[in-house]
Protein chains: 2
Amino acid sequence: MKGSVFVEDASVSEVSKNLTISDIARELGVSKTTVSRAISGKGRLSEATRNRVLQYIHEHDYRPNLIAKSLAQSKTFNIGVVLPADTNLTEIPFFQSCLMGICDVAASFDYDVVVTTATENDISLLKRLIKNNKVDGIVLTRPIVNDRSIDYLKQTHLPFVVVGSSEEDEVIQIDNNHIDGCCELTSVLIKSGYTTMALLAGNQRHIVNTNRYKGFLKAFKDNGIPVNETLVYTDMTSNVLIDRAVDTIMNRKVDCIVCSDDIICSRVLTRLNETGYSVPKDVKIASFYDSAYLENYNPPITSLRIDIKTLGIEAGKCLINLIAGKEIANKTLLDYEIVLKKSTM
Amino acid sequence: MKGSVFVEDASVSEVSKNLTISDIARELGVSKTTVSRAISGKGRLSEATRNRVLQYIHEHDYRPNLIAKSLAQSKTFNIGVVLPADTNLTEIPFFQSCLMGICDVAASFDYDVVVTTATENDISLLKRLIKNNKVDGIVLTRPIVNDRSIDYLKQTHLPFVVVGSSEEDEVIQIDNNHIDGCCELTSVLIKSGYTTMALLAGNQRHIVNTNRYKGFLKAFKDNGIPVNETLVYTDMTSNVLIDRAVDTIMNRKVDCIVCSDDIICSRVLTRLNETGYSVPKDVKIASFYDSAYLENYNPPITSLRIDIKTLGIEAGKCLINLIAGKEIANKTLLDYEIVLKKSTM
DNA sequence: TTGAAAGCGCTAACAT
DNA sequence: ATGTTAGCGCTTTCAA
């Protein structure tokens, strides 16, 4: 690494020059309009002049002032991304991966990403962002039931998409098919003979968790087996609750525990370990996400793998199309992959 | 949750009205200048007119058009945050927590946060952000040695701060004191009698890792004990490398392994488990961050705890002060806390 | 204490 | 094919 040499383009040192469209017009003896047209490609223009302008621009590394363009067109070329600020979610890499995907597409369409946060009860920062006209559209990354952000966004008539699923059909959603995914995963387990199965599901205000619950139930129905709903634990939002549930479950001789996310699963594994149970000997375990959270567990954990960054990319594309006035599908369902590992063997 | 009622303020439905400063001026029979002054607080104005304007604004929920303000003042009221896009870092919650802190302060100063990404070798998105005049300043979240982003930022004369440490003194840095922290942690362990100690450190192009290494060495020097540098492993960037190091280390009968981050530590624990070693009986383990990554490990892991969100908050404050032209310290060192747990007892 | 007017840098009718 | 002109909504001299 030592001794590496960076040759930066000359443009950098000229940052202060601040060339404008009028400068170029004057310098080339044409009108501002002509220059503008050459840049945007709108309107007819002779090849000759267009090239002359383009070349000048290139040679002088001219960059149009986006603020001025924004003001003239009432467009910001920014998309807003709303991240949940609930403290317990900050540790989850999901949102960061998703954000990376959104940033990628945004840049490729010459948009930028401005982030803000919201909680279940406080959407003031989202409101501020919108009222300040900072964005042309919004990506919401964690829909909940009776989502105040969604309610608000619907009223503003600002284009927006949701990463995840919403109860409201008219909202544009990009999600993995968690219902089918959880159903399929559960079915596989049922067919392996693990019919006494417990579900430890997370916060039921998060749509994704209700969907997994639905998928779980559907699997039993599809397989013609009655589900024992007393083995379903929802809203497992704290270690204490999880520990208690695990203890009860293990006393009831279940074959298998399905955890609705990796955080829950991580705690379940710890509790099993503490109380002397071994996986998969005493009980099988399956989870979701296949994230780094569980990467180093021994045994490896069977789970549903989804590509979070792609989710962000698709959401970004949808939003940008929406902003451009294109018609887009209300619901985009992305793939998932069931990864069977030692924890269920 | 069912039946909850939201009464949104009337403003929402009037989003389309788009009140401007001229509307208000006309309505109130004053000039645009007067309205502008009433809002900004700049320039003298009679209490009476100021209040009249302010009240009108309040009643009609007027929000100034920030784009227009931007154009007039050549300010964007945005700060840029550069996140590392290296895939293996996406899973670390550090950057997300930091981002949350930055978002918080930004909002409180009426700034917004636009995020972009950079890798060691590709800073094109950062350049684009800056050339497009999208931000008034930059927070860099992961300094490396010979950092191209830093080189570029220095040339642009745009205000910027770095979360973490840089080799270059003139760069404004906000960091926890990792040298002292690692030194103190190591000292505590030495004083507990674990003198045959191994260090598993991460990517040495990341300044934070070199600093931890320095602290580790300093602890030995402070305690007058020669350090066995053959037990120091750097650039532990893959599981294979870590596994190999752990195996070698354990054959050499060390008392204690210090891991320079929780990802490394997680893998070390797994490898120890796989190869039949038990913590803390066979070997003591210490790590950094005290993140959720290790939260559920048994035994709990001794580590250096830092408050990442506060780091983001401080960085945000520094940058905003810098943008405002205030003098600020070149180096802000935040606290840390050593948390002794079962893994070193 | 207040106002008129120019200007930030770009776009977009509407000419020519 | 190119130019003229009038904005976009705000700030800011300068004048009254």
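As a basis for the values below, the full set of heavy atoms in this structure was taken, side chains included, without hydrogen atoms, waters or symmetry mates. The chains referred to below are lettered A, B, ... by the order of the sequence lines, with proteins before strands, and numbering in each begins at 1.
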The side chain of [X] lies closest to which of these nucleotides: [options]?
| X | options | value |
| --- | --- | --- |
| R37(B) | dG9(C), dT13(D), dC10(D) | dT13(D) |
| S36(B) | dC10(C), dT11(D), dC10(D) | dT11(D) |
| S46(B) | dT2(C), dC10(D), dA12(C) | dT2(C) |
| T33(A) | dC10(C), dC10(D), dA13(C) | dA13(C) |

Measuring to OP1 and OP2 of [N], would you say a side-chain N or O of [X] lies under 4.0 angstrom away?
| X | N | result |
| --- | --- | --- |
| T34(A) | dG3(D) | yes |
| K42(B) | dT12(D) | yes |
| Y62(A) | dC10(C) | yes |
| Q73(B) | dC8(C) | no |

Return the value, rounded to whole Å, for the distance between atom [atom1] of [X] and atom [atom2] of [N].
| X | N | atom1 | atom2 | value |
| --- | --- | --- | --- | --- |
| I39(A) | dC10(C) | CD1 | C1' | 9 Å |
| L45(B) | dG3(C) | CG | C1' | 12 Å |
| L71(B) | dT11(C) | CG | C1' | 12 Å |
| D23(B) | dC8(D) | CG | P | 10 Å |
| N65(B) | dG7(D) | CG | P | 17 Å |
| F77(A) | dC10(C) | CZ | C1' | 11 Å |
| L66(A) | dT11(C) | CG | C1' | 13 Å |
| R26(B) | dG3(C) | CZ | P | 15 Å |

Between CZ on residue R63(B) and CD1 on residue I130(A), distance to nearest 0.5 Å =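 Going from CZ on R63(B) over to CD1 on I130(A), the span is 11.0 Å.
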
Identify whether the distance between the nearest side-chain nitrogen and carboxylate oxygen of [X] and [Y] falls below 4.0 Å.
| X | Y | answer |
| --- | --- | --- |
| R205(A) | E120(A) | yes |
| R142(A) | D147(A) | no |
| K331(B) | D169(B) | no |
| D104(B) | K309(B) | yes |

Identify whether any heavy atom of [X] sits under 4.0 Å from a base atom; if not, whether one sits that close to sugar-phosphate; answer base, sugar-phosphate or nothing.
| X | result |
| --- | --- |
| T20(A) | sugar-phosphate |
| S40(B) | nothing |
| T49(B) | sugar-phosphate |

inquiry  = Using heavy-atom distances to pick each residue's nearest nucleotide on DNA chain C, tell me which of K32(B) and G29(B) is more 5'.
reply    =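 Final value for this comparison: G29(B).
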
